[in-house]
Amino acid sequence: MTPIYVHGWGAVSPVGWGIASLVSSLTQVQRPALTQIQRPDGFQIPVHKVATRNPRSSFLALPRLRRASPISHYIVASALEAFGLTDRPAESKRVGVICSVMGGSVVYSEKFYSEVLTEPRTASPLLFPETVYNAPASHLSSILGSTERNYTFVADQTGFLDGLATAATWLKHGIVESCVVSGGEEVGWATAEAGRLLSPFPIAEGAGSLLLSAQPSPIRLKMITRSHPCLRSKSRGDVWRDMVNELLDAGAPVSDWLPQQKSGSCLSEGSGNLTAFLGDGLAAGAAWAAAAAVASVARGMNSAAVGVFGSNLQAKGAIFVRD
Amino acid sequence: MPPNYRRVVVTGAGIITPLGTGWLCNQDGFRNGKQAFGSVSLFDASRQRTRIAAEVVLPTIPPVSRLPIREFNRIDRAGKMLLWAAIEAWQQSGWVATEEEIPIVLGTTSGGMTFGQDFYRQAFGPGGSTRLQSTRITHYQPQRQALDVMDAIGFSGPVSIIANACASGANAIGHAFELVRSGQYTRALSGGYDGISQLVYAGFDSLLALSPTGARPFHLRRDGLTLGEGAAVLCLEELDSALHRGSKIHGEILGYGSATDISHLTQPHPDGDAALATMQAACKMARVEPGEIGYLNAHGTGTLLNDSSEARAIARWAGDDAKNLQVSSTKAGIGHSLGAAGAIEAVVCLMALAGQWLPPQGPTDDVDPNCNFPLVVRPQAHEFNLALSNSFGFGGANASLLFGKRI
């Protein structure tokens, strides 16, 4: 088996832009403040938003991102951080791109559909392309200057780990030389309302990214569990327990995770339940958990496991180790 | 081909398009170049610039499945199309549900969008009633529709939904192909689906991408695409497994290429650089030359930019062999079904290979001068062994699949 290594990691979360703010917030137990988002009828819904970056990142001035929605900004920022960059690379990167989303580009979708219902003939052609699920991934490939393979997965919170598994396969088979895997979301009133109805946590936005390669580095992706799907024929408790047992069998010290977690939970060894802390970041949640786990290994832990209990698709986990 | 790669064959295929439900009626429609364009009936299109689409007529009775009728009735139009195609594919393959994990890999651009629209309109209304909203959220998500397929048929395995715009269906089949080819799984169920929704229709209309007269791919005076809808699902299986079962084999997947056009979010590179890369990659994987390809099912949307870019890419890729390459776009008959298109066109290629005929795209009297290949414009028999299918999408998602005649 070709070993797969982590070469970089990044995050944008309700506690700030950059992995350092996420780690600092987790270690100092500084929870992000709730803000209110307004439904069209004026009803207020508490959510965790990402604060505007000040000063604005220079990459936001790039033509591809000037009209892009927040999810694209978050994904690109976290991916560039994983590359150790603050702006687009000077040279093209031959890198595969995998993004996972659950809600996707909801802010522009809300705006565009509102215009359609009002007067479809004048609905903005600038908004519609940004509503497409793969717009953020497309922007990221463009910013990186990479024409390599690019996938967008739509899933529940576990999609980011599916992305890691796919990236590992691409790397093992030499399809790409390196691969950046991102999970991202943005909050609009529709997702906030959906979260209010279905999630035990406030909805949150942001993104996280890992840069993977088969070239050795100090942190290795040891394993990703198989998918444990949520079917009508199996209780959710059994789904979660089976996934945790697979992590335990692979050597992860995660016995304190065994109690059934709530749907949508993204857990990282050393950081606990990030969803309870940061809110339900949907696809971004697992990316934050993975980035936090990798950061823990980088700070000296020998290994760190991630467990994600998706809200309707599956449970899935991964283990990162120091080599 | 390295010895550790498995050969992957198609042992089942299900399809539902505006031409009808099931393999037989679609085979008849594609072979004869039937066209299924009509007025939009699914929503009020009176305030749109264009009012043409290719809509699916769903069967009035549900397919035979393990899904309780109450659950089936909760599924939206796109999900129902997916179920029809998946169940037909499963039945054709002769697969039996066991403890074996079978991955399901689907492509879509909008999943259960009609539920999303209903959710939005109700939340936008006075009082923000929450009645039925939780159900709409759940069934809006594409992963729920994939799980519905598993529940309806009675199998289990990992779910992957690839949303690579109009290349989604081809990318999904390519991804599933690689799962089986690499030996990770013996079988995989894969395809694409999308239903026409008001939001997406208005989106393409806002971009002036819809034809007011009906799509005419590769025509010199083409004026846009026609939106369609549908679903197609393939049962992919290791060759040895299929032979061991004595299964009927529709054809073999021989190659897959995927690349990204980074020139613009919605417009292809004028010379089709990424399209060229995907066609080359699919052929390289299969170790075949362009001159060996007997038929190319083009992406061919009917938009000005796509067709000229794709025609240039084909000319660059095939070189002198282009003059003998039979090309058509079946979107001339059923419109552009977005996330379903790549999967539907995969089934068309398999049908054509099996029957040794070419799917015509109808009369195209004045062809774009960038086309240096013959367009298939009328029904015809044709002896060939290899068919290539192109799918290109927003965001520069490009994919090509190469199919071989059944063994």
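Keep in mind it's a predicted model, so treat the numbers as computed, not measured.
- There is no contact between F43(B) and chain A, counting heavy-atom distances below 4.5 Å.
- Heavy-atom distances place no part of S100(A) under 4.5 Å from chain B, backbone and side chain included.
- Looking at D205(B), neither its backbone nor its side chain comes within 4.5 Å of chain A, counting heavy atoms on both sides.
- The neighbour count for R49(B) CZ, taken as heavy atoms of other residues, nucleotides or ligands under 6.0 Å away, is above 12.
- With a threshold of 4.5 angstrom between heavy atoms, P229(A) approaches chain B through side-chain atoms but not through N, CA, C or O.
- Only the side chain of R144(B) comes within contact range of chain A, judged by heavy atoms closer than 4.5 Å.
- Between E185(A) and I203(A) the shortest side-chain heavy-atom distance does not fall below 4.5 Å.
- Interface residue S263(B): only backbone heavy atoms are found under 4.5 Å from chain A.
- Looking at E178(B) and H173(A), their side chains never come closer than 4.5 Å, going by heavy atoms from C-beta outward.
- Residue I175(A) touches chain B through its side chain alone, counting heavy-atom pairs closer than 4.5 Å.
- Between T114(B) and L42(B), the closest side-chain pair of non-hydrogen atoms is not below 4.5 Å.
- Taking the side chain as every heavy atom from C-beta outward, R236(A) and C230(A) approach each other to under 4.5 Å.
- Heavy-atom distances place no part of Y201(B) under 4.5 Å from chain A, backbone and side chain included.
- Put simply, of T158(A), V97(A), N150(A), the one with the most heavy-atom pairs under 4.5 Å next to chain B is N150(A).
- Of the atoms belonging to Q141(B), it is side-chain heavy atoms, and not backbone ones, that fall under 4.5 Å from chain A.
- Highest contact tally toward chain B, considering only S146(A), A137(A), A135(A), is held by S146(A) [criterion: heavy-atom pairs under 4.5 Å].
- Checked by atom type and distance alone, the side chain of Q157(A) pairs as donor or acceptor with a backbone atom of S311(A) at under 3.5 Å.
- Here R64(A) is the residue among E193(A), E148(A), R64(A) with the most heavy-atom pairs under 4.5 Å with chain B.
- Looking at heavy atoms from C-beta onward, Y185(B) lies out of side-chain contact with I102(B) at the 4.5 angstrom threshold.
- At distances below 3.5 Å, not a single donor-acceptor pair connects side-chain atoms of D280(A) with backbone N or O atoms of F201(A).
- With respect to chain B, the highest number of heavy-atom pairs below 4.5 Å among W189(A), F112(A), Y113(A) belongs to Y113(A).
- Residue with the most contacts toward chain A among T108(B), I162(B), T130(B), D273(B): I162(B) (heavy-atom pairs, distance under 4.5 Å).
- Taking a 6.0 Å sphere around CZ of R47(B), one finds it holds more than 12 heavy atoms contributed by other residues, nucleotides or ligands.
- Counting heavy-atom pairs closer than 4.5 Å to chain B, the top residue among A123(A), G159(A), P125(A) is P125(A).
- For E110(A), the parts sitting under 4.5 Å from any heavy atom of chain B are the backbone and the side chain alike.
- Residues R6(B) and T186(B) have side chains that never bring a donor and an acceptor to within less than 3.5 angstrom of each other.
- With contacts defined as side-chain heavy-atom distances shorter than 4.5 Å, the pair V159(B)/S227(A) does not qualify.
- A155(A) touches chain B through its backbone: at least one of N, CA, C or O sits under 4.5 Å from a heavy atom, while the side chain does not.
- Heavy atoms closer than 4.5 Å to chain A are found nowhere in I104(B), neither backbone nor side chain.
- The parts of A259(B) that come within reach of chain A are both its backbone and its side chain, each placing non-hydrogen atoms under 4.5 angstrom from that chain.
- In terms of heavy-atom pairs under 4.5 angstrom with chain A, the leader among Q117(B), Q184(B), Q48(B) is Q117(B).
- Between F43(A) and Q38(A) there is no side-chain heavy-atom pair separated by less than 4.5 Å.
- For the set D156(A), L117(A), V154(A), the entry with the most heavy-atom pairs within less than 4.5 Å of chain B is V154(A).
- For R39(A), the part lying under 4.5 angstrom from a heavy atom of chain B is the side chain only.
- In E119(A), the CD atom is crowded: over 12 heavy atoms of neighbouring residues, nucleotides or ligands sit closer than 6.0 Å.
- When side chains are defined from C-beta on, L207(B) counts as touching F128(A), because their heavy atoms get closer than 4.5 Å.
- Interface remark: L313(A) contributes backbone and side-chain atoms alike to the contact with chain B (heavy atom separation under 4.5 Å).
- For the pair S124(A) (side chain) and L126(A) (backbone), a donor-acceptor distance under 3.5 Å is present.
- Residue contact with chain B, scored on non-hydrogen atoms closer than 4.5 Å, involves the side chain of H139(A) exclusively.
- For H264(B), the part lying under 4.5 angstrom from a heavy atom of chain A is the backbone only.
- Taking CG from L338(B) and CG from D194(B), the interatomic distance works out to 5.5 Å, rounded to the nearest 0.5 Å.
- Proximity to chain B (any heavy atom under 4.5 Å) is shown, for N312(A), by both the backbone and the side chain.
- When each of L265(B), T266(B), I137(B) is checked for heavy-atom pairs under 4.5 Å with chain A, L265(B) comes out on top.
- Using a 4.5 Å cut-off between heavy atoms, S156(B) contacts chain A through both its backbone and its side chain.
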